[in-house]
Peer 1: 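Would you mind keeping the following structure in view while I ask a few things?
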Amino acid sequence: MESALKEQRGGESVLDLSPRATPAGGVEDVYGEDCATEDQLITPWTIAVSSGYNLLRDPRYNKGLAFTERERDAHYLRGLLPPVISTQELQEKKIMQSLRQYDVPLHKYVAMMELEERNERLFYKLLIDNVEELLPIVYTPTVGEACQKYGSIFKRPQGLYISLKEKGRILEVLKNWPERSIQVIVVTDGERILGLGDLGCQGMGIPVGKLALYTALGGVRPSACLPITIDVGTNNEQLLKDEFYIGLRQKRATGQEYYDFLHEFMSAVKQNYGEKILVQFEDFANHNAFELLAKYGTTHLVFNDDIQGTASVVLAGLIASLKLLGGSLADHTFLFLGAGEAGTGIAELIALEISKKTKCPVEETRKKIWLVDSKGLIVSGRKETLQSFKKPWAHEHEPVNNLLDAVKTIKPTVLIGTSGVGRTFTKEVIEAMASTNERPLIMALSNPTSQAECTAEEAYTWSEGRAVFASGSPFPSFEYNGKLNIPGQANNCYIFPGFGFGLVMSGTIRVHDDMLLAASEALAAQVTEEHFAKGMIYPPFADIRKISAHIAASVATKAYELGVATRLPRPANLVKYAESCMYTPNYRSYR
Ligand SMILES: NC(=O)C1=CN([C@@H]2O[C@H](COP(=O)(O)OP(=O)(O)OC[C@H]3O[C@@H](n4cnc5c(N)ncnc54)[C@H](OP(=O)(O)O)[C@@H]3O)[C@@H](O)[C@H]2O)C=CC1
Ligand SMILES: CC(=O)C(=O)O
Ligand SMILES: [Mg+2]
């Protein structure tokens with residue numbers, strides 16, 4: 001596969017960009033104008049200069065009141081705008097003021113989506129400059145509520161909907177998307193939306209939100225991002241009965257039908273966008289997620305955010321937390337509540353990191369990591385009936401059927417919640433953690449806030465202020481006995497924007513676990529003494545662009561080392577290169 005992309009010339013890899021026939025037919029110049037034969041279909045693309053009324057309605061180029069006098073003349077805008085000329089900064093101030101007047105987060109979400117549809121650069125400027133305030137709106141927790149109510153709040157379609165109705169025509173559907181130079185696709189089938197379960201087609205809010213972060217946090221151009229929802233039906237009875245439901249009104253396709261459809265999708269994506277398109281799987285149910293990742297990991301540039309991105313962000317927090325907890329990772333014992341994508345993904349990356357550091361085989365390093373699922377502690381006696389991704393964690397132990405008993409028996413130093421079930425870290429559980437650890441590390445990773453295993457306030461109070469705490473959705477700081485504790489947000493959004501940007505900027509064609517480890521180290525390295533003093537194990541989101549540049553550079557460095565980066569020659573300073581490639585939302589001047 002790689003040899004189709006690269007030729008070895010004098011020991012150097014050289015990109016061969018000449019168009020060629022692809023295995024699935026068609027030509028590599030995906031829209032076909034240049035090299036299609038007469039019997040091949042092409043898309044009749046046109047490029048037009050936007051002006052006047054249309055310019056004001058084109059979110060990519062609209063600047064609203066910030067159009068200058070000269071631009072108003074040159075682009076036929078006279079009279080279409082009131083006379084005042086604004087700056088982008090003043091527009092930003094005005095919109096932030098009006099957003100702050102809404103009490104209901106969902107109203108802020110809708111206002112932000114409307115802004116994105118009206119003025120893309122202003123939307124991203126707001127998000128970048130006010131990231132700590134707006135992240136909980138465009139992302140978890142509010143995006144969860146938005147997905148639940150997507151049918152009612154839905155006005156204009158965002159992203160591409162590919163339903164079973166389009167079976168056999170997915171390539172054609174991809175070509176309907178108005179952008180041609182796509183670099184990142186985030187795709188969901190809506191079956192496990194955060195901890196809210198099957199939301200079917202309404203899961204679209206997740207790829208849309210994740211890609212907004214790809215741009216705001218990671219610097220990928222908005223036009224290079226494509227949100228996709230695969231609609232194979234839903235098993236959510238409430239949605240099936242809802243007159244406003246926007247998806248296919250049928251039970252989910254499963255088995256061969258599902259996998260054939262996904263295969264058509266993955267083949268069409270590669271045929272349309274080539275080898276270097278990044279496909280991020282998001283919020284698939286675990287019975288499909290592991291299989292899809294394993295199947296396409298060797299043929300496509302794919303990344304499962306829930307398995308791999310989550311693992312990388314949690315490992316970063318663990319590496320950083322050693323400053324507060326003491327010891328090395330190998331000295332700690334880990335207990336998870338939840339043994340699905342997030343839980344086993346994190347567990348495997350911790351085991352890999354310890355194995356690399358101690359030169360101990362991964363089969364050995366896994367033994368310090370324990371997981372509890374809905375049936376209790378995963379132990380060898382259950383091995384026969386376990387799903388394959390749980391089997392490596394079935395250690396020798398008596399059966400234990402609840403979390404509290406597991407905490408008392410295993411005596412973990414780190415407790416991680418990835419169950420999707422809220423309030424499962426009870427007072428007794430946190431007290432048990434605090435009774436055996438001077439500084440228990442508690443991570444309540446389930447999203448949105450309603451599904452968090454405990455709140456920051458509970459973790460700090462029940463541990464008498466000794467817990468180091470991080471959660472998937474944000475919690476406010478909490479003062480205990482006069483000491484202010486700042487909870488961390490252990491969310492994969494620290495990782496995926498920089499991670500994906502690193503892959504894209506280096507032209508990487510495959511994801512490798514070593515890149516996840518590199519991303520973790522890069523994130524952990526951004527936590528300073530000043531942060532540790534406040535109990536933080538993640539750096540502030542306000543610095544996220546700088547953080548993403550470092551993550552991107554570390555990922556790209558690893559990709560070059562592994563020989564899977566195709567952008568040559570390798571830039572000498574990858575951090576500077578990352579920063580220089582990032583999208584910035586400031587208005588441009590029009591000729
Ligand atoms: N902070 C972050 O960045 C991220 C957070 N998450 C969150 O993690 C949660 C889980 O996601 P994911 O791993 O993909 O989901 P999965 O469905 O793959 O896994 C859920 C796991 O939790 C177990 N479980 C469910 N209910 C209970 C219970 N009452 N007691 C004990 N275990 C239980 C399930 O057990 P069984 O196998 O027996 O059914 C399963 O092992 C979600 O809320 C998601 O939002 C996910 C990714 C990133
Ligand atoms: C954060 C995320 O990816 C999830 O909760 O699924
Ligand atoms: Mg997710």
Side-chain angles (χ1 to χ4, degrees), residues 135-136 139-141 143-144 147 186-199 203 205-207 209-210 213 280-291 293 303-317 335-348 370-378 382 385-391 393 400-407 415-426 429 443-453 470-475 487-497 523 538:
L135 204 56
Y139 191 55
T140 183
V143 72
C147 288
V186 176
V187 59
T188 188
D189 72 355
E191 191 168 4
R192 195 286 277 143
I193 294 299
L194 307 177
L196 302 171
D198 183 351
L199 297 185
I206 296 294
K210 292 270 175 185
L213 303 197
Q280 174 164 318
F281 292 119
E282 196 69 53
D283 291 9
F284 283 71
N286 62 37
H287 49 252
N288 294 319
F290 288 100
E291 201 167 328
L293 184 61
F303 169 69
N304 183 303
D305 190 32
D306 300 299
I307 301 171
Q308 298 172 299
T310 314
S312 187
V313 77
V314 171
L315 179 60
L335 179 66
F336 288 77
L337 181 71
E341 290 167 70
T344 61
I346 301 163
E348 193 61 35
W370 297 83
L371 293 97
V372 171
D373 66 8
S374 65
K375 298 187 180 63
L377 190 65
I378 296 184
R382 295 178 51 196
T385 57
L386 290 172
Q387 290 138 292
S388 56
F389 53 86
K390 292 182 185 170
K391 287 190 199 287
W393 310 101
V400 179
N401 60 18
N402 67 71
L403 178 66
L404 181 59
D405 288 345
V407 171
L415 178 65
I416 303 179
T418 51
S419 61
V421 185
R423 305 300 176 266
T424 33
F425 290 175
T426 58
V429 166
M443 292 183 145
L445 299 183
S446 294
N447 296 315
T449 317
S450 57
Q451 313 309 111
E453 284 78 8
S471 53
S473 298
F475 280 106
Q489 192 178 348
N491 192 294
N492 48 32
C493 70
Y494 265 114
I495 291 288
F496 72 78
L523 178 55
Y538 291 99

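Each ligand, and each atom within it, is numbered from 1 in the order the structure gives.
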Peer 1: Within this structure, what is the CG-OG1 distance for the pair Leu194 and Thr449, rounded to the nearest 0.5 Å?
Peer 2: 10.0 Å
Peer 1: With a heavy-atom distance limit of 4.0 Å, tell me whether Asp306 approaches ligand 2 through its side chain, its backbone, both, or neither.
Peer 2: side chain
Peer 1: Could you tell me, atom by atom, which parts of ligand 2 come under 4.0 Å of a heavy atom of Asn492?
Peer 2: 1 (C), 2 (C), 3 (O)
Peer 1: So which atom in Leu371 and which in Gly338 form the shortest heavy-atom distance, rounded to 0.1 Å?
Peer 2: CD2-O, 3.8 Å
Peer 1: Can you list the protein N, O or S atoms less than 2.8 Å from the Mg ion (ligand 3)?
Peer 2: Glu282 OE2, Asp283 OD1, Asp306 OD1
Peer 1: Among Asp306, Asp305, Asp198, which residue meets the salt bridge (charged side-chain N to carboxylate O under 4.0 Å, His left out) test with Arg192?
Peer 2: Asp306
Peer 1: Would you mind listing which atoms of ligand 2 come within a distance below 4.0 Å of any non-hydrogen atom of Lys210?
Peer 2: 1 (C), 2 (C), 3 (O)
Peer 1: Could you identify the single nearest non-hydrogen protein atom to atom 5 (O) of ligand 2 and state the distance to 0.1 Å?
Peer 2: Asn447 ND2, 2.8 Å
Peer 1: Might you point out which heavy atoms bring Cys493 and Leu135 nearest each other, and give the distance in Å?
Peer 2: SG-CD2, 4.2 Å
Peer 1: Which heavy atom of Ile378 sits nearest a heavy atom of Ala339, and at what distance?
Peer 2: CD1-CB, 3.5 Å
Peer 1: Donor-acceptor pair, Ser471 side chain versus Ala444 backbone, under 3.5 Å?
Peer 2: no
Peer 1: Protein residues near ligand 1, heavy-atom distance below 4.0 Å?
Peer 2: Arg192, Leu194, Gly195, Asn286, Asp306, Thr310, Leu337, Gly338, Ala339, Gly340, Glu341, Ala342, Asp373, Ser374, Lys390, Thr418, Ser419, Gly420, Val421, Leu445, Ser446, Asn447, Gly472, Ala490, Asn491, Asn492
Peer 1: What are the atoms of ligand 2, with element, lying closer than 4.0 Å to any heavy atom of Arg192?
Peer 2: 6 (O)
Peer 1: How far does CD1 of Ile193 sit from CD of Glu282, to the nearest 0.5 angstrom?
Peer 2: 8.0 Å
Peer 1: Which is it for Tyr139 and ligand 2 at heavy atoms under 4.0 Å: side chain, backbone, both or neither?
Peer 2: side chain
Peer 1: Starting at CD1 of Ile206, measure out to OH of Tyr139 and round the result to the nearest 0.5 Å.
Peer 2: 7.5 Å
Peer 1: Among the heavy atoms of Asp283, does any lie under 4.0 Å from an atom of ligand 2?
Peer 2: yes
Peer 1: Can you name the atoms of ligand 2, numbered from 1 with element, that are less than 4.0 Å from a heavy atom of Glu282?
Peer 2: 3 (O)
Peer 1: Decide, yes or no, whether a salt bridge links Asp283 with Lys210 under the criterion of side-chain N to carboxylate O below 4.0 Å.
Peer 2: no
Peer 1: Would you name the heavy atoms of Gly195 and Pro448 that are closest together and state the gap between them?
Peer 2: N-CD, 4.2 Å
Peer 1: Nearest heavy-atom pair of Val187 and Phe284: which atoms, and what distance?
Peer 2: O-CE1, 3.2 Å
Peer 1: With atoms numbered from 1 as shown, which atoms in ligand 2 lie under 4.0 angstrom from a non-hydrogen atom of Leu194?
Peer 2: 4 (C), 5 (O), 6 (O)
Peer 1: Once you restrict to heavy atoms under 4.0 Å, what part of Thr140 touches ligand 2? Side chain, backbone, both or neither.
Peer 2: neither
Peer 1: If we set the cut-off at 4.0 Å for heavy atoms, which region of Thr310 has an atom near ligand 2: side chain, backbone, both, or neither?
Peer 2: neither
Peer 1: Compare every heavy atom of Ala289 with every heavy atom of Glu341, then report the nearest pair and how far apart it is.
Peer 2: OE1-CB, 3.4 Å
Peer 1: For the backbone of Ser473 and the side chain of Asn447, can you confirm whether one donor and one acceptor N or O come within less than 3.5 Å of each other?
Peer 2: yes
Peer 1: Roughly how far, to the nearest 0.5 Å, is CD of Glu348 from CH2 of Trp393?
Peer 2: 4.5 Å
Peer 1: Do the side chain of Glu453 and the main chain of Leu445 share a donor and acceptor less than 3.5 angstrom apart?
Peer 2: yes
